[in-house]
2 protein chains.
Amino acid sequence: MPSYTPPTKDLQFVLQDVLKVSQSDTPGYADLEADFTAAVLDEAGKLTSQVLAPLNAVGDRQGCVLENGVVRTPEGFKDAFEQVKQGGWPALDLPEEYGGQNMPYVLGTAVGEMFSASNMAFTMYQGLTHGAASAILAHGTDQQKATYVPKMAACDWTGTMNLTEPHCGTDLGLMRTRAEPQGDGSYKITGTKIFISAGEHDMADNIIHLVLAKIPGGPEGIKGVSLFIVPKFMVNEDGSLGARNGVACGNIEEKMGIHGNSTCVMNYEEATGYLLGEEHKGMRAMFTMMNEARIGVGMQGLSQAEVAYQNAVEYARERLQGRDVTGDQNPDGPADPLIVHPDIRRSLMDQKSFVEGARAFLLWGAQLIDRSHRGGDEAAEGLVSLMTPVIKGFLTDQGFDMTVLAQQVYGGHGYIEETGMSQFARDARIAMIYEGANGVQALDLVGRKLAQDGGKHVMAFFEIVKAFIKENGDNEVLKDDFLEPLKEASKHLQAAAMFFMQQGMKNPNAALAGSYDFMHLFGHVCLGLMWVRSAKAAQEALDAGASDTDFYKTKLKTGRYYMARRLPATAMHLARIESGAEPVMSMASDEF
Amino acid sequence: MPSYTPPTKDLQFVLQDVLKVSQSDTPGYADLEADFTAAVLDEAGKLTSQVLAPLNAVGDRQGCVLENGVVRTPEGFKDAFEQVKQGGWPALDLPEEYGGQNMPYVLGTAVGEMFSASNMAFTMYQGLTHGAASAILAHGTDQQKATYVPKMAACDWTGTMNLTEPHCGTDLGLMRTRAEPQGDGSYKITGTKIFISAGEHDMADNIIHLVLAKIPGGPEGIKGVSLFIVPKFMVNEDGSLGARNGVACGNIEEKMGIHGNSTCVMNYEEATGYLLGEEHKGMRAMFTMMNEARIGVGMQGLSQAEVAYQNAVEYARERLQGRDVTGDQNPDGPADPLIVHPDIRRSLMDQKSFVEGARAFLLWGAQLIDRSHRGGDEAAEGLVSLMTPVIKGFLTDQGFDMTVLAQQVYGGHGYIEETGMSQFARDARIAMIYEGANGVQALDLVGRKLAQDGGKHVMAFFEIVKAFIKENGDNEVLKDDFLEPLKEASKHLQAAAMFFMQQGMKNPNAALAGSYDFMHLFGHVCLGLMWVRSAKAAQEALDAGASDTDFYKTKLKTGRYYMARRLPATAMHLARIESGAEPVMSMASDEF
């Protein structure tokens with residue numbers, strides 16, 4: 001069975017050494033002293049590694065079962081959920097007035113990685129609840145907030161998001177679910193939603209569904225979509241639960257992975273719903289949830305890569321097979337461990353350098369969100385809005401690839417379900433699809449975010465890279481191994497953006513045909529930037545006489561690997577982009 | 001449910017237009033007239049698409065069940081196997097004296113792609129039988145050939161290969177299975193073998209296991225390994241079946257995919273075995289089977305990409321979602337089909353250009369094997385020996401990636417098992433692992449094949465590329481779009497080989513750290529070469545006034561895509577290779 005070791009030291013390195021959170025003037029960050037964040041991470045580490053991780057394989061094997069309209073979660077999930085609730089984890093970064101602890105999102109994200117790595121399917125129950133609560137906080141009336149958020153912050157009630165219908169996923173304008181106004185402020189919701197994660201289960205007293213639907217007579221397409229709160233059980237004035245609402249789970253999907261999470265077909269039959277936010281502005285309200293969810297999904301990609309990597313390293317250290325070509329490393333044993341072989345190391349270094357770079361990238365994104373939400377920093381908001389599709393798309397694509405690499409280290413044993421390596425890959429696979437398939441992320445990045453506010457945010461990004469390179473130009477440790485490759489990769493990104501600007505005017509397909517490559521090119525530059533910053537932080541710690549020199553030297557080695565071996569992908573992506581629309585668009589649809 | 005359409009026209013294009021098989025002087029090729037190969041492919045196409053393809057999902061869902069030592073294959077497998085046998089397909093390219101039809105391997109390979117694409121797990125039963133029969137043909141005594149091969153050619157008896165043990169896979173020198181000589185020419189085999197595909201099942205009267213084991217007192221390690229024939233039922237002098245031998249299936253593995261094939265733990269307890277080939281030369285005999293199996297596994301990678309691609313195209317044509325940014329393509333419908341979107345096309349073109357290039361590459365490899373086996377052409381043998389790890393490693397890595405891309409086209413529906421897209425990815429995943437994990441293929445390529453016979457074979461490969469470019473230098477259609485990119489990519493491959501030669505002397509790790517990238521770099525150049533040859537063939541057909549101009553023009557478009565969008569990967573692989581051993585090897589084993 002696979003194991004999970006909380007990477008608390010690595011998380012602390014990013015929070016304290018790279019992002020220097022406790023030195024930031026963002027409101028609430030002064031609390032984030034190293035001792036405090038270490039204590040929080042340690043506690044979360046215990047719970048996730050000791051309680052949630054052992055249930056990961058159980059959830060995969062047993063899945064969720066629908067019987068007479070009731071969904072049974074896998075053995076042990078309910079008890080574990082109680083422990084999570086009692087620890088107050090779901091509300092870590094929610095406001096105190098609703099029972100939360102008001103911690104910065106950056107800390108919630110660091111903790112979230114561990115939850116997701118230890119048991120992705122399980123963690124989705126609370127993750128979706130958090131997203132739904134955030135949407136109610138952002139768009140709800142005071143009464144709605146008071147009614148739902150405290151219960152959701154405690155995870156006594158969980159939440160869902162209902163967008164997809166059988167005939168429409170990305171293109172929600174085609175939606176058929178209807179919301180009939182009842183004259184008393186409520187609506188009757190009727191329709192079928194599919195792929196509803198945690199749509200029905202046995203771990204909460206109530207489930208608060210956020211449902212997109214169309215009010216008859218409203219505008220056509222996406223502009224006529226509104227968002228509704230539809231509780232599974234009606235909530236009485238005093239907060240107690242009333243009658244069952246007209247919503248039921250019709251089926252649970254058989255999926256490739258995340259079996260521990262119930263993916264439901266939800267049937268709404270004149271279910272009572274309450275408008276959340278304004279009429280016909282449902283997409284705007286839903287995007288509060290979607291943006292948070294996209295960051296969370298990027299985290300899932302990273303998290304599955306992390307836990308798969310941990311197990312691959314362990315296996316590579318223990319499994320004896322073949323000999324080091326430069327001389328036996330285990331002369332008294334029958335063979336050397338796998339980890340002596342260069343190609344195994346190539347694979348492990350790909351994984352390690354991705355995971356650690358991605359972690360820094362994700363937490364930087366979370367820091368920007370805090371600056372925006374807590375500090376009102378509009379530049380930070382613009383930057384993280386630009387990078388959200390990169391976090392989602394790049395981290396999940398690469399995260400999945402890394403789980404496949406980790407599985408490969410196990411050879412034939414990786415293909416056997418018993419070792420758990422297949423589950424990491426199967427679970428990670430969904431992250432490339434949901435909350436906007438990665439192709440849609442690329443479209444969002446190139447079609448919308450890049451040119452947003454006159455291209456100001458991408459300019460700001462380039463400025464950050466340029467300024468860093470300039471400021472550190474005479475740093476001997478960084479110069480050749482780090483700054484030069486970053487400069488080169490950043491040039492490729494700029495050239496690609498320029499190509500889009502010039503071509504996109506004449507032919508939007510020239511930009512769209514390169515969108516996916518641009519997302520990956522951007523992702524590599526972001527991880528390059530994070531590695532350059534991490535290398536600087538590691539060197540500073542070494543210069544300051546840090547006691548754990550091996551730890552910091554390892555950061556430098558891992559960073560050098562990323563710069564030398566991973567960043568060269570940027571030239572390939574640029575070449576693909578610059579080949580333009582013609583190779584992609586030349587075929588008639590029936591010629592494929 | 002997914003469908004499968006036999007790509008007979010595309011296969012004919014490669015056989016007749018690109019490889020021009022019927023014009024070759026290789027013995028047996030004169031039979032391969034276009035009408036004849038078309039008839040054979042049509043028949044195989046009917047059987048695979050109508051009988052085997054519908055059973056693919058059944059096999060995945062039901063899997064194989066072990067009860068009281070007997071393995072039950074999925075519903076319908078047995079009947080389908082009878083139809084395959086009656087069609088004489090398993091023996092298509094086996095010698096006539098053993099009941100085969102003595103067709104060239106190139107035709108067997110073209111047919112094999114369809115079998116594998118329609119139902120990979122099912123096809124393994126006959127594929128392994130073919131490999132075992134080939135090993136007996138190559139290394140068996142006349143009596144062994146007479147006893148086993150006719151029955152195996154008919155698939156009345158099936159075959160297996162038994163290498164792996166719980167503690168050793170790649171490093172077979174660690175093997176513990178023992179073969180005690182009995183003085184009468186037979187041996188008693190005792191030990192446990194794992195991951196034995198088709199190790200036990202209910203579709204054949206007998207199963208002929210080829211088992212690697214050590215004869216006590218022989219040389220240590222891999223040099224003391226011998227190969228044995230161990231029938232499930234003893235075979236009497238008259239060919240009838242006798243007593244059950246001491247071999248039994250102890251367990252069936254729960255795997256990520258290929259559920260329709262029984263992957264068995266095989267327990268040998270003093271089972272009677274007969275030496276195949278010479279004592280202690282077991283690896284040599286097994287490699288007859290392994291080399292054939294590696295080509296076959298490369299074919300699996302391609303085949304799963306093909307069938308997944310077919311379904312992705314169909315879905316992209318039918319699923320209405322979003323609008324073409326350049327103007328509605330389906331103005332009367334609620335939305336345009338997915339296929340109008342540039343990023344969907346990018347994905348489909350990646351898949352299509354891989355599948356068609358890979359098909360040509362695989363069939364070229366098969367043609368070289370025919371030249372070697374039937375024509376005694378040593379240069380062909382050397383070349384295909386060099387390319388075998390590339391066919392296995394590159395086609396399965398890329399093939400898997402393509403199934404993931406195809407699955408992605410389905411969005412959320414691709415993650416639901418019902419659509420079958422997950423199965424293609426889960427089935428394709430094993431091809432990267434078995435018959436030598438792809439890292440081992442890369443090691444074989446760089447550590448052994450590259451320098452074999454003084455590097456003569458890789459030189460021959462470069463000569464082929466160079467000669468083609470020179471001969472066609474004034475071909476206006478090929479020049480810019482095809483020859484230039486191939487020249488560039490081939491330069492990268494040469495530079496990488498040169499780097500290995502220079503560095504490898506001082507530090508073998510410098511070559512080994514780049515081996516995986518070299519395998520992919522080589523694979524891209526091979527597919528580039530195949531596309532250049534295919535483009536030339538297509539243009540010749542157009543110039544000759546072929547009636548189906550769209551078909552040939554599509555080949556040119558697809559080839560241009562590969563050259564413009566896929567070949568740029570070679571520069572990245574070269575950069576990774578040239579970064580040398582240091583970034584890969586700098587970490588101590590406990591620093592990971």
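Every chain is numbered from 1, with letters handed out A, B, ... down the list of sequences.
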Can you tell me if [X] uses its side chain to pair, donor with acceptor, with the backbone of [Y] under 3.5 Å?
X      : Y      : value
A:H573 : A:H492 : no
A:R429 : B:V404 : yes
A:D60  : A:H259 : no
A:Y315 : A:L338 : no
A:Q321 : B:G169 : yes
A:E314 : A:Q310 : no
A:R323 : A:N330 : yes
B:Q423 : B:G420 : no

inquiry  = Is it the case that over 12 heavy atoms from other parts of the model lie below 6.0 angstrom from the CD atom of B:Q329?
reply    = yes
Segment of [X] engaging chain A (4.5 angstrom heavy-atom cut-off):
X      : result
B:A571 : neither
B:S586 : both
B:Y516 : both
B:L174 : side chain
B:A513 : both
B:L443 : neither
B:A588 : backbone
B:R346 : both
B:S515 : side chain
B:P166 : backbone
B:Y309 : side chain

Among the listed options [options], the residue most often paired with chain B at heavy-atom distances under 4.5 Å:
options                        : value
A:M349, A:M563, A:K557         : A:K557
A:I430, A:T170, A:I194, A:V313 : A:I430
A:K255, A:E578, A:H167, A:R345 : A:R345
A:R560, A:M421, A:M432         : A:M432
A:V325, A:L574, A:D517         : A:V325
A:D324, A:N507, A:D350, A:L172 : A:D350

Between [options], which residue shows the highest count of heavy-atom pairs closer than 4.5 Å to chain A?
options                        : value
B:E254, B:R566, B:K352, B:Q408 : B:Q408
B:K553, B:M585, B:R319, B:E582 : B:R319
B:P342, B:G221, B:S353         : B:P342
B:G322, B:A425, B:G514         : B:G322
B:Y410, B:F592, B:Y434         : B:F592

Heavy-atom cut-off 4.5 Å, strictly under: side chain, backbone, both or neither for [X] against chain B?
X      : result
A:F400 : side chain
A:Q407 : both
A:A442 : neither

inquiry  = Looking at A:E165 and A:R176, is there a salt bridge between them, counting it only when a charged N and a carboxylate O are closer than 4.0 Å?
reply    = no
request  = Using salt bridge (Lys or Arg N to Asp or Glu O under 4.0 Å) as the criterion, list what pairs up with B:E253, not counting sequence neighbours.
outcome  = none
ask   = Which atom names give the shortest non-hydrogen contact between B:T326 and A:P508, and what distance separates them?
value = CG2-CG, 4.2 Å
ask   = Taking atom types as modelled and ignoring hydrogens, do the side chains of A:T396 and A:N438 form a donor-acceptor contact shorter than 3.5 angstrom?
value = yes
What donor-acceptor contacts under 3.5 angstrom involve side-chain atoms of residues 412-419 of chain B, with partners at least two apart or in another chain?
residue, atom, partner, partner atom, Å
B:Y415, OH, A:G257, N, 3.1
B:Y415, OH, A:R426, O, 2.6
B:E417, OE1, B:S422, OG, 3.2
B:E417, OE1, B:R426, NH2, 2.9
B:E417, OE2, B:S422, OG, 3.0
B:E417, OE2, B:R426, NE, 3.3
B:T419, OG1, B:H413, O, 2.9
B:T419, OG1, B:I416, O, 3.1

Note, A:M587 side chain near B:T554 side chain (heavy atom, < 4.5 Å) = yes
